[in-house]
Number of protein chains: 2
Amino acid sequence: MSLDKRKIKILKAIISSYIDNAEAVGSRTISKKYELGVSPATIRNEMSDLEEMGFLIQPHASAGRIPTDKAYRYYVDDLWKKVQSSSNVNLHQLRGIIEEKANEMDSVFKNSVRILSQFTKYTSFIVAPQLKQAIIKRIQLVPVTDKKVLLVLVLNSDIVKQVMINLSNTIPLEQMDKISSSLTEKMYGHKLGDIDSVKKNIIQELYYIRESSGDSLFELLPYLMEQIGKFEDFNIYADGITNILNLPEYNDVVKAREFISFVEDKNSLAKLFQITGENALDISIGHENQYNELRDCSLITATYKINGKLIGKIGVIGPTRMDYDKVISTVKSMSEAMNEIISQNFNDDKEE
Amino acid sequence: MSLDKRKIKILKAIISSYIDNAEAVGSRTISKKYELGVSPATIRNEMSDLEEMGFLIQPHASAGRIPTDKAYRYYVDDLWKKVQSSSNVNLHQLRGIIEEKANEMDSVFKNSVRILSQFTKYTSFIVAPQLKQAIIKRIQLVPVTDKKVLLVLVLNSDIVKQVMINLSNTIPLEQMDKISSSLTEKMYGHKLGDIDSVKKNIIQELYYIRESSGDSLFELLPYLMEQIGKFEDFNIYADGITNILNLPEYNDVVKAREFISFVEDKNSLAKLFQITGENALDISIGHENQYNELRDCSLITATYKINGKLIGKIGVIGPTRMDYDKVISTVKSMSEAMNEIISQNFNDDKEE
DNA sequence: TGTTAGCACTCGCGCTGATTGAGTGCTAAA
DNA sequence: TTTAGCACTCAATCAGCGCGAGTGCTAACA
């Protein structure tokens, strides 16, 4: 038995109908709604074949049929070829929305993940670049009170991090800038994650400005290291988690709660995204997911890169009965938009 | 008919039982669980009286009884006297948790609202001080790329805001600090919200440094104004929204969705918190809430202040059948902790 | 040989009616 | 005033039943 053209047509019709209505599809429905020019009886025979081949199942004897994960996989693989070329979202428009009100990376991520969930109506995520991989470009001390300074770290890709530091001694205002530039000079180009290992060298090199800055510099450094150590290893933005309450498959509060608990836990999410592939676009359907909690879900992930180097991922989680067409093209467009936005910022760096 | 001692005892027993189980309470239950030394029949008579007085209702003839909003109001007003003095949460411990990992106000708010929701198991909020009321203490430009500068605004209460600014011209590095200190000098003490009105004066006053900084300063100022204008009027932190899925009264997905939609909308929340009183602690129960969406909920709010001036609110929303005792004391402790933390930061300002 | 009409069969869903049990209100006695 | 006793009420549960959507099989037809 093979997947001839008519079987494919019928299978697609069933999937499409099920995606729309979340209800088991019968032969009569297919015959009426989709013009295939054959009677329900014929379709029944074909559906029986499709079930035997593992593409469909019957929830119970007198019900219509539902696509299996295998069916979705086939559907997606087929869809794939067509989506590759086109994308139904205007990239420039998308960029506009993302960059609106966003004057730093943090806002870009927040905006992006929000758009993603609003477009797809599913739960969306963005894994931000690992901070510890970021390279220090500048360090600037900003006095806040006499015993508090704000240490502003300018990293590559326009990422800015502040660390509030409490001092036991006062740093004279006029030395602030001098210390800032010394720190910048010595720290420039180091990865945030590497700082601890080069700590000793830096302290030694900075020794010569000790006299002018008193002991405060030596108080500053360990504190800075410590604060950097506290930076999250990963940073995940999520949005639209409660969208699942709109889906009929999560009409049951217990099921919804299970899902929400899972996706609200940043640790499990982080693991999940570690597992996903590093292709431009990855799709895992139902049981293909490693996590039991997601056995009824599909996960569409994409990566974004700088100069070919993967720095983060975006993703959408929805029911296996998902509008793959729309989600795939949205995720694709979004990753492209992020590539552009981030690369552009990064290119600024290179021009220096 | 008056609320004699026994009636009060029975009423409290009923409320207490209903808070625990969310199930209508019968006379036998009360007689067995709570040692009152009277038979169910007697309790029935008393319950009948309490119903007549408006403290109880019967969902249907053959069911037990449920406390009304009036009963909760009585319960809370009574509870009030006892809670006033004691608080079951260790304030120092609380401060420790809040300040852990928090090196700026933003983290303090995030931590606090999280703790609040984890302690109470209900949806919690914090309304942050209105940024536009904040006073500028320092302005520092931090170069990011040649055509991008980060403008760091240090405000009172240790609040720090950054604004990324894209320039069309380059500002020479060596002028950065000069411009920073000029800006600080002129802007110091102004409210963020007032800047627009003193804009012209400032520009005039800054005119004399025009020559050294070229036109870039004049490009900077309008941009800065614009960015400040974009600051949210209010900033609300929320946590534990999905906690309501654990409550039996929100077993219905439609009801849960309604609630979630309401509290996820920052605008409606902002309005809600505008309505609430400005006492140290306010409680509004069920129908006392102005919003229909919250007619089955109670809202416990507290304020936090600096030198007696209200700067923000915290709150917990839960079902009218709420563990008032726990929530009230938690909210109370939290507002006290925030008062301490924030005032301490603010006192630093005053010492200058 | 593929298609289709016809028909028996299956089974979830929703309706009905009976049963159960938790709880009340009333009354009469202690 | 309290309480035991009893009749009464009504939501919840469950079995029984018919409906209808949908299938699978068979036989006839093109």
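Hydrogens, waters and symmetry mates play no part in the numbers below; they use all other heavy atoms, side chains included.
Scanning residues 47-64 of chain B for heavy-atom distances under 4.0 Å to DNA chain D yields B:H60, B:A61, B:S62. Only B:R6, listed by number, bring a heavy atom of residues 6-13 of chain B to less than 4.0 angstrom from any atom of DNA chain D.
Atoms CD1 and OG1, from A:I300 and A:T120 in turn, are 10.0 Å apart once rounded to the nearest 0.5 Å.
For DNA chain C, the outermost nucleotides in 5' to 3' order that have an atom under 4.0 Å from a heavy atom of chain A are C:dT3 to C:dG12.
For A:A280, the side-chain contact (heavy atoms from CB on, under 4.5 Å) test picks out no residue, with sequence neighbours left out. Residues satisfying the side-chain contact (heavy atoms from CB on, under 4.5 Å) test with A:D4, not counting sequence neighbours, are A:R6, A:K7, A:E46. Residues meeting the side chain to side chain donor-acceptor pair (under 3.5 Å) test with A:T276, sequence neighbours left out: A:K313. Legend: residues meeting side-chain contact (heavy atoms from CB on, under 4.5 Å) with A:S335, ordered by chain and number and at least two apart, are A:A302, A:I314. A:D77 pairs by the side-chain contact (heavy atoms from CB on, under 4.5 Å) definition with A:R73, not counting sequence neighbours. The salt bridge (charged side-chain N to carboxylate O under 4.0 Å, His left out) check on A:D78 picks up A:K12, A:K81, A:K82, with sequence neighbours excluded.
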Extract all donor-acceptor atom pairs below 3.5 Å that involve side chains of residues 237-260 of chain A and protein atoms in other chains or at least two apart in sequence.
| unit_1 | atom_1 | unit_2 | atom_2 | d |
| --- | --- | --- | --- | --- |
| A:Y237 | OH | A:D106 | OD1 | 2.6 |
| A:D239 | OD1 | A:S117 | OG | 2.8 |
| A:D239 | OD2 | A:R114 | NE | 3.2 |
| A:D239 | OD2 | A:R114 | NH2 | 3.0 |
| A:T242 | OG1 | B:E264 | OE1 | 3.3 |
| A:T242 | OG1 | B:E264 | OE2 | 3.2 |
| A:N243 | ND2 | A:K121 | O | 3.4 |
| A:N246 | OD1 | B:R257 | NE | 3.4 |
| A:N246 | OD1 | B:R257 | NH1 | 3.4 |
| A:N246 | ND2 | A:N243 | O | 3.4 |
| A:E249 | OE1 | A:R321 | NE | 3.4 |
| A:E249 | OE1 | A:R321 | NH2 | 2.7 |
| A:E249 | OE2 | A:R321 | NE | 2.9 |
| A:D252 | OD1 | A:V254 | N | 3.4 |
| A:K255 | NZ | A:E249 | O | 3.3 |
| A:R257 | NE | B:N246 | OD1 | 3.3 |
| A:R257 | NH1 | B:L245 | O | 2.8 |
| A:R257 | NH1 | B:N246 | OD1 | 3.4 |

Can you list, pair by pair, the side-chain donor-acceptor contacts under 3.5 Å of residues 55-67 of chain A, counting residues two or more places apart and other chains?
| unit_1 | atom_1 | unit_2 | atom_2 | d |
| --- | --- | --- | --- | --- |
| A:Q58 | NE2 | A:A61 | O | 2.9 |
| A:Q58 | NE2 | A:A63 | O | 3.1 |
| A:R65 | NE | A:E51 | OE1 | 2.7 |
| A:R65 | NH2 | A:E51 | OE1 | 2.8 |

Donor-acceptor pairs under 3.5 Å, side chain of residues 15-33 of chain A to any protein atom, not counting sequence neighbours: which ones?
| unit_1 | atom_1 | unit_2 | atom_2 | d |
| --- | --- | --- | --- | --- |
| A:N21 | ND2 | A:S17 | O | 3.3 |
| A:S27 | OG | A:R44 | NH1 | 3.4 |

